[in-house]
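Take a look at the structure below.
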Amino acid sequence: MGAFRIDEADRPHLVRLLVIWIVLSAIGVLAVLQIHYPPYDQTVQGQDQSRTLALLTALATPVFIAVVMMVLYSAVFFRRTTPELVDGPPMLGNTPVQIAWVAISAIVVLFLAVVGIATLASSNVAHAVGQPGRAIGQAGGQTGSGTPGGAGSEMQVQVIAQQWYFTYRYADYGGVETTHLYLPVDRPVELHITSIDIIHSFWAYQLGVKADANPGVDNIFHVTPQKTGSFQVRCAELCGLWHGNMADSEGQVVSQSAFDIWIAQQQKDFEVISKAVPSYAPYYFPEPLIKGG
Amino acid sequence: MAVRTRAYEADAAAAAALDTRLAGIGTWLFLAADLFFFVAWWFAFFYLRALNNHQDWKAQGIGPPSKGYGAIVLVLALATAITYFLGSRQATMAFLFRLLTPVALVLGIATCLFQGYEMWHLGFGLTEGGYPSVFSGLSGAWVIQFALATAWLASIVTQTGPAGDTIVRRQPAASFAWILLYLAAIGLVNYFLLYVVA
Amino acid sequence: MVVSERRLSLPNNPITGIVLAIPGYFAGVWLGTLFGLDDDQNTGIILGYLFATAAFLIGIGFLNYPLERLFGWQVTPVTDPAENTGIGRFFRLSLDHKVIGIQYLVTILIMLLFGGIGAMLIRTSLLVPDSTITPPGNYISLIGLHAVMMIFITSAVIVGPFGNYLVPLMIGARRMAFPRLEALSFWVVPPAAVILAAATFWGGFPTGWTGYPPLSVQAGQGMDSYIVGFALIAVALVTSGINMLATIIGLRAPGMTWTRLPMFVWGIFTTSILGLLAAPVLAAALIMLAMDRTVNTSFFLASNGGSNYLWENLFWFFGHPEVYIFILPAFGIIMEIVPHFARKPLWGYRTGVVGLFGVALLSWFVWQHHLFVSGIAPVLRPFYMLSTELISIPTGIIFLVVLGTLWRARVWFTVPMLFCMGFLFNFLIGGISGVYLSDVPTDVTLHGSYFSMAHFHYTIMGGEIFALMAAAYYWLPKMTGKMLSPTIGRIHFWWMFIAFNSTFFPLFIVGLLNMPRRVAAYNPDLVGLNRWVTISAYFLFGSMLVFAGNLIYSWFFVARPAVANPWHARSLEWQVPTPVPAANFDRVPVIVAGPYEYGIPNARPVADLGGIVGATGGG
Ligand SMILES: [Cu+2]
Ligand SMILES: [Cu+2]
């Protein structure tokens, strides 16, 4: 049997299906590319995610159409028309077709993986995580004085989660602690997400940021805002009674000058309670035993 | 393709052979499942040890309980398994089987008692960090399984009399040796991790 | 052999079990107060649940056999043939795989009703964007109970009823390899469900089905239900895995070669491997969690040498194979049923088996895709992204096999066939949305949102439950002896298919629009979509009532007896009479052909039922 010899009985079906598939796929791909995909373009990373979503949808559409078309086509054209049962042609399989199918799906999968890894690398999403204590392959203790990382011009902001709100500490501004997150536009930010009780997840939707807040762990996420505007923050990991209300819609990306005014105000307000809060550290451990009740 | 007929012989001997074969398959499947159970514990050991969160894998003054004591438990467990293994290779009515099986039972009970005694005198509290947690959990899970195996061993011993069940079902009694050997081997790995690597 | 005449004479039935379980519970609680180190009775409650379960199983009669062997008493015949005919056999310990299958079926349908009511309460609460209908505490208990109940159900809903009933019939055996283990795998499920429901007395548990510590360590006593209930399900998975694998390996009829094995049996085989090996890991993790909660160890407490990442790794190392435990039997059902109604051989039998094994194998190497944003080992994320996306290859193979079987077929449009096609549509969406979640950049936005919730409902409900319905309409005539009404069946299908997609497709959009899972309060902008979903969900529940109505109508009102082979199918289970004789096969069948050889000239019938005179070895 020739490698790709097409059976005469198959040919009309194949031609019809091919035409339908090409037409529907073209329409479908054009349609899904009209959609604006979240998390839109407030940050470089968010824009990458939007583009990846658009790409995945554009690739998925022809696959979806192909399979649904095949199922519906079988339902319509391969339906039994005689009143009594008849057996179909005894086709036991076709090795070249199976190999081709596996090869095509392998190519699509590898393409997706390469794109995903490239996006991951270029957008620098959460590229490193501080492990607590003496982690594998990482020297140093957990005293963590001063700023972690210290990567060039990246602004260091710590996100501290607890039941049931987030607070923020600006390492470059004396570890000042605030209740809302303000970020200056066009400046890379290194977020250090941690928790002081149980697991939470810091989700700043419009920023394209989601990272779990674990007790005793410094989870790092890089983000570069490119548009001013407000954003929402909420918890994305079930954390008990008021998890659903662990949200804040007053996050702001502002101009550098507006940010400077705001942070100065925060530092002034903070002066009073600065003695009460622990000194800035990459992460904090909860009280030894959080058990019971 | 070869047609399997083995399982469908009409006579009782073939039926017994089938039961033996199924018991063997079941034993190996159980051991595979149980191995994954212990692998999860070993993973916990290495993970928490490498992480050493809050420097509390082994806090100040915390270390393995007496190495020699652990070695006694291990040797007893190995002796139980090997004694029973040697005995179970003998024909069931044989003198050696009747002699070695009760010896294995005594050794098995001693293993459980020694391990239990050790766990009451650890020298550290369960609340004192990563190593104490893993030690108590892993040793505890192991000794509970070993105790259950010993109880099964007891039922084999009660049935070694002339009318006993073991006489009738010699093959399953023999494949039980693999469970004891397996548990002893797990004990050996545990000893290496908990007392040597620590 | 001299056997003592003594025997245990306890009346073994669920009543005895319950009567023993109650003092068992209090004995456990009492023991816990003696030795417990915590102030919250957690030790007592866990021991109480375990003792109650053990006492229940003793009451059912599981201790008789070991004791009888230990003391050399006469072994009580569990299935006395005289008693084994009435309705009573379904309420006793039975070692007949057919009885166990029906016991499983009824139990799981009842559990499904409760899980579904939970879903309706959740959706009702989401009619409003704040927590006025359901207070947040109740809401979180509700999602936890719904989730864990559904996980219990979906772990066993195909293997339990259909696997137990059909595997021996399909491979030409008279019994299972280990009937007592098989019975045990059923009888631990009702206690697991009751113990889970008991969490409501303690205010439920706050962690959903994932049970993440430290929240699960600090949670109230309802968490103990989660631990013990889930551990019992792990026992069910291991015992059923050992039994199924040993049966399929050791009890196939002569001539039932590996290449003649029906695809449904292959689905059970692969899923049993996963259950056998994954459940012990869960059991270990649950023991650690129980120790953290009772004797104050610190496996999961960062400030005392532990790590919540340990739980997350162990749980998902179990959890990802677990989701394939749900779907592999469903793949088996689809590949089994489609050839019979396409009236064509399975297109690529070996390829389909390779697809099943490919999915089963890869499922061990993907678990950290649940942890892309958790902060664990970021350097490994590309690996887990790739390994997860690779699963689309074997899954695609299974689709190809089904589509190839439909190609130029003579499709007989029965209700099972409709559900198979519904499965293909739903699981396609479920699978494609899975790729979005496996891609790290998009997962950052989608993780923990309604998008992932919609994804797994498409795979589990749209996939596994649609396959279950196909199986029910296809095999229940053999199992119950009554045909289900095809007219109601068609109404059921279209109602369920439309309501399902109308319920869950909008949830992809809700997730993309910033709504996290497991919240009682959400952005008021999304109230319109959420109300649409809730109304659709009521209709979806209604479609399940149509199914229940069909069962009741067909069984009790219009008892249309099923003929032995209503589908004119070739495979072995349809060649035995309906109702299935107690011994399945009078004589050992000799298998001489494959189950799907439709249209092949001079194809022989699948088996020579006149076969060898003799026993299949006991039973
Ligand atoms: Cu939270
Ligand atoms: Cu997964």
Side-chain angles (χ1 to χ4, degrees), chain B residues 1-5 7-11 14-19 21-22 25-26 29-30 32-41 43-44 47-48 51-59 125-134 136-137 140-141 154-155 158-159 161-165 167-168, chain C residues 1-3 37 66 69-72 177-178 181 238 241-243 245-247 249-257 259 276-281 283-285 287-288 291-292 295-299 301-307 309-310 313-314 317 588 590-591 611-618:
Chain B
M1 213 146 309
V3 171
R4 292 176 57 260
T5 52
Y8 293 90
E9 306 299 334
D11 57 292
L18 176 65
D19 267 350
R21 176 171 141 81
L22 291 176
I25 296 171
L29 290 170
F30 169 76
D34 200 51
L35 186 63
F36 269 62
F37 176 79
F38 282 108
V39 166
W41 286 97
F43 175 80
Y47 195 77
L48 294 186
L51 219 51
N52 195 9
N53 239 343
H54 203 253
Q55 315 293 349
D56 263 342
W57 165 247
K58 284 192 287 185
L126 300 184
T127 59
E128 292 180 57
Y131 177 81
S133 302
V134 175
S136 52
S155 83
T158 64
Q159 294 299 299
D165 188 53
I167 307 305
V168 185
Chain C
M1 172 173 151
V2 184
V3 178
L37 300 179
R69 286 225 103 104
L70 180 62
F71 298 116
F178 304 113
L181 280 188
V238 171
I242 292 175
N243 176 48
L245 290 170
T247 303
I249 294 170
L251 284 179
R252 279 166 298 129
M256 180 54 84
T257 58
T259 51
L276 179 74
L277 300 180
V281 177
I287 291 171
M288 293 175 202
M291 287 178 70
D292 271 12
V295 293
N296 297 341
T297 53
S298 48
F299 288 99
L301 300 180
S303 47
N304 209 3
S307 168
Y309 286 160
L310 175 60
N313 272 309
L314 291 176
F317 186 78
V588 175
V590 176
I591 314 299
I612 304 167
V613 185
T616 58

Show your reasoning for whether side-chain contact (heavy atoms from CB on, under 4.5 Å) applies to B:H54 and C:L301. CA-CA 10 Å; B:H54 203 253; C:L301 300 180; over 6 Å; no

Given heavy-atom pairs under 4.5 angstrom as the criterion, report whether the side chain, backbone, both or neither of C:V238 touches chain B. side chain

Between C:F299 and chain B, which part of the residue has a heavy atom less than 4.5 Å away: side chain, backbone, both or neither? both

Drop me the distance from C:I287's CD1 to B:F37's CZ, to the nearest 0.5 angstrom. 3.5 Å

Which atom pair, heavy atoms only, marks the closest approach of C:S303 to B:D56? O-OD2, 3.4 Å

B:A154, part contacting chain C, at a heavy-atom distance under 4.5 Å: backbone

I need the B:L22 CG to C:I242 CD1 distance, nearest 0.5 Å. 12.5 Å

For a side-chain contact (heavy atoms from CB on, under 4.5 Å) check, start with the C-alpha distance between B:F36 and C:L276, then their side-chain angles and the critical distance, and finish with the verdict. CA-CA 9 Å; B:F36 269 62; C:L276 179 74; over 6 Å; no

Interchain contact, B:V39 with chain C, by part (heavy-atom threshold 4.5 Å): neither

Counting only heavy atoms closer than 4.5 Å, note whether B:L29 contacts chain C via side chain, backbone, both or neither. both

Quick one: closest heavy-atom pair of B:A44 and C:M288, and the distance? CB-CE, 3.7 Å

Under 3.5 Å donor-acceptor, B:S133 side chain and C:S298 backbone: yes

Ignoring hydrogens, what is the shortest heavy-atom contact between C:G305 and B:L48? Give both atom names and the distance. O-CD2, 3.9 Å

Euclidean distance, C:N313 CG relative to B:Y47 OH, rounded to 0.5 Å: 5.0 Å

Can you tell which part of B:A141 gets under 4.5 Å to a heavy atom of chain C, answering side chain, backbone, both or neither? neither

Which atom pair, heavy atoms only, marks the closest approach of C:N304 to B:E128? OD1-C, 4.2 Å

What's the verdict on side-chain contact (heavy atoms from CB on, under 4.5 Å) for B:I25 and C:L245, showing C-alpha distance, side-chain angles and the deciding distance? CA-CA 9 Å; B:I25 296 171; C:L245 290 170; over 6 Å; no

Show your reasoning for whether side-chain contact (heavy atoms from CB on, under 4.5 Å) applies to B:L18 and C:L251. CA-CA 9 Å; B:L18 176 65; C:L251 284 179; 3.7 Å; yes

